[in-house]
There are 2 protein chains.
Amino acid sequence: MARLKTEDRRKNIIDEAVKIIHKQGFEALTIRELAYRVNVTEPAIYRHFENKEDIILSIMDRMNEFDEELNRHIESVKGKERKIAELINFHFLFFEKNPEITSIIFSEDIFRNGKSLPDKLLSILTHRRGIICKVLEDAKRSREYQGLSSCNLATIILGFIRLVVLRWRLSGFAYSLVESGNSESKTLLKLIYNYGKQLKI
Amino acid sequence: MARLKTEDRRKNIIDEAVKIIHKQGFEALTIRELAYRVNVTEPAIYRHFENKEDIILSIMDRMNEFDEELNRHIESVKGKERKIAELINFHFLFFEKNPEITSIIFSEDIFRNGKSLPDKLLSILTHRRGIICKVLEDAKRSREYQGLSSCNLATIILGFIRLVVLRWRLSGFAYSLVESGNSESKTLLKLIYNYGKQLKI
DNA sequence: TTTAAGTTAGTAAACACTAACTTAAAAGAT
DNA sequence: ATCTTTTAAGTTAGTGTTTACTAACTTAAA
């Protein structure tokens, strides 16, 4: 059996764990299934993780992938005009390219049990919301939109994105999220961008 | 042991099942826990339900409670002016009054496994979306709003509501959903209602 | 007396995990 | 470069508990 250093094996295990959740649902994430997918025996898993909760905490850390990309995106649109449209599009692009991560990001019930999972989840979601609010404040400062509360707008935008993604997931990822999502978002963008124009009159 | 007719016992069992999911999460819904809560032994459960999946299908039927109330609400606002605002408020009122049902309605992953669960879920969600679209078409016909696609608007509104409710749930139902939700929805209503006004100019 | 709901006493399988043993790979010695 | 020792990753062989569920028996209610 080819041995991996614990760093690499941990990544290998979490990669497979995410795949299992994505394809079969959280209930299928057993140590047995995981060991099978990783091609080691069950006890080998415990060489790298203390227990199952430890594994799930590491799965949650995968959400950081998204947050990192989100921050990169935010840096890349500084100075651009339609930051909101770009932000929405970024979400759809990212998720379409990484469907597996939607099985973690949009499945709050997975992380409900355990000692430290709920707190960690709340912290992650709060932090991300903060990022979006800041983007919207930036957009507001550069007059991309006016007269609206940034954080309330964040709720509208994020809620919209979540539902569009959920429908895509429930369809079995059966169509292009980017096309469908951006088509639907025209209405939301219309509302936001034209609200500013109306206020100018 | 006081015996109930199967009709009553089934209701008793599903009531308790919903409570378990709400308080402890889906994972806690074992036949053992359920029997304990109902005050019968495990095999007694099987007098009334074929198997666990049968139980879960019946839990899903509880979503009909909401849809029935939704239809009642729709009937009661016919002819009124701000149907959209009323609709959003209805959601928050209903969920605040029935927090347990949010543990079913907003937990798609629960219903992921099993032979018939995913299809049933999709059917329920599609049907409900259809209802909301119709309400919005009605509102459009009575010029409550203009220039927007009803179904895209439904996505925006439903997505918003879902996220507001999710945050309430994650807070441990720690504040008034009606107050908080309606406060946040002012921005969305502003967008929708003012868009119509802008088009008139 | 009959029926149907409830019980006791299991069943097979799965679950998360441990202890002791094995061995591949890295580190150290020559 | 080669050999030896050490380390850490992987294995076999379990453990105790829980899970969904069944068969046969009991009993409340019609």
(message) Going by side chain to side chain donor-acceptor pair (under 3.5 Å), name the pairs with one or both residues in residues 75-93 of chain A, residues two or more places apart or in two chains.
(response) N89(A)-N182(A)
(message) I need the full list of side chain to side chain donor-acceptor pair (under 3.5 Å) pairs touching residues 47-56 of chain B, with sequence neighbours left out, sorted by first then second residue.
(response) T6(B)-H48(B), E53(B)-S116(B)
(message) Please report the distance, rounded to the nearest Å, between CD in E33(A) and P in dA14(C).
(response) 12 Å
(request) For E27(B), enumerate each residue passing the salt bridge (Lys or Arg N to Asp or Glu O under 4.0 Å) test, keeping only those at least two apart in sequence or located in another chain. (result) none
(request) Can you tell me the distance, in whole Å, between the CG atom of L29(A) and the P atom of dC15(C)? (result) 11 Å
(request) Before accepting this row, confirm whether a basic side-chain N of the pair E137(A)/K134(A) lies closer than 4.0 Å to the acidic partner's carboxylate O. (result) no
(request) Measure across K190(B) and G147(A) and return the closest heavy-atom pair with its distance rounded to 0.1 Å. (result) NZ-O, 3.2 Å
(request) Check every atom of dA14(C), dC21(D), dA16(C) against the side chain of R32(A) and return the nucleotide holding the closest atom. (result) dA14(C)
(request) Just jot down the side-chain hydrogen bond (donor to acceptor under 3.5 Å, both in side chains) partners of D67(B), sequence neighbours excluded, or say none. (result) R128(B)
(message) For E179(B), is the CD atom crowded, meaning more than 12 foreign heavy atoms sit under 6.0 Å from it?
(response) no
(request) Please list, by residue number, the residues of residues 45-59 of chain B whose heavy atoms come closer than 4.0 Å to an atom of DNA chain C; answer none if no residue qualifies. (result) R47(B), H48(B)
Using atom types as modelled, flag every donor-acceptor pair under 3.5 Å from a side chain in residues 34-43 of chain A to any protein atom, sequence neighbours excluded.
from   : atom 1 : to     : atom 2 : distance (Å)
R37(A) : NE     : E33(A) : OE2    : 2.9
R37(A) : NH2    : E33(A) : OE2    : 3.2

Distance-only donor-acceptor hits, side chain of residues 93-108 of chain B, under 3.5 Å, sequence neighbours excluded:
from    : atom 1 : to      : atom 2 : distance (Å)
E96(B)  : OE1    : S176(B) : OG     : 3.2
E96(B)  : OE1    : L177(B) : N      : 2.6
E96(B)  : OE1    : V178(B) : N      : 2.8
N98(B)  : ND2    : F94(B)  : O      : 2.9
T102(B) : OG1    : P99(B)  : O      : 2.6
T102(B) : OG1    : R169(B) : NH1    : 3.0
S103(B) : OG     : H22(B)  : ND1    : 2.6
S103(B) : OG     : R169(B) : NH1    : 3.0
S107(B) : OG     : D109(A) : OD2    : 2.7
S107(B) : OG     : S103(B) : O      : 2.9
E108(B) : OE1    : R162(B) : NH2    : 3.4
E108(B) : OE2    : R162(B) : NH2    : 2.6

(message) Which residues in residues 6-23 of chain B have a heavy atom closer than 4.0 Å to any atom of DNA chain C?
(response) T6(B), R9(B)
(message) In whole Å, I'd like the distance from the CG atom of N39(B) to the P atom of dA5(C).
(response) 18 Å
(request) Output, in order, the C-alpha distance, side-chain angles, deciding distance and verdict of side chain to side chain donor-acceptor pair (under 3.5 Å) for Y195(A) and Q146(A). (result) CA-CA 7 Å; Y195(A) 187 77; Q146(A) 303 170 68; over 6 Å; no
All N/O pairs under 3.5 Å across the protein-nucleotides 28-30 of chain D interface:
from    : atom 1 : to    : atom 2 : distance (Å)
dA28(D) : O4'    : R3(B) : NE     : 3.3

(request) Name the orientation class of the two ring planes belonging to F66(A) and F90(A) (parallel below 30°, tilted from 30 to 60°, perpendicular beyond 60°). (result) parallel
(request) Carefully, step by step, assess D8(A) and K5(A) under the rule salt bridge (charged side-chain N to carboxylate O under 4.0 Å, His left out). (result) CA-CA 5 Å; D8(A) 298 324; K5(A) 292 191 180 186; over 6 Å; no
Distances for protein N/O vs nucleotides 8-10 of chain C N/O pairs under 3.5 angstrom?
none

(request) Check step by step if salt bridge (charged side-chain N to carboxylate O under 4.0 Å, His left out) holds for K120(B) and D61(B). (result) CA-CA 10 Å; K120(B) 181 160 183 169; D61(B) 285 335; 2.6 Å; yes
(request) Return the minimal non-hydrogen interatomic distance between F111(B) and M63(B), and the atom names on each side. (result) CE1-CE, 3.5 Å
(request) Measure from CD1 on I31(A) to P on dT19(D) and round the result to the nearest Å. (result) 17 Å
(request) Only stems of 3 or more consecutive Watson-Crick or G-U pairs count here, both distances under 3.5 Å; name the ones for DNA chain D, or none. (result) C:1-30 with D:1-30
(message) Test of understanding: with side-chain hydrogen bond (donor to acceptor under 3.5 Å, both in side chains), list the residues that count as partners of S185(A), not counting sequence neighbours.
(response) none
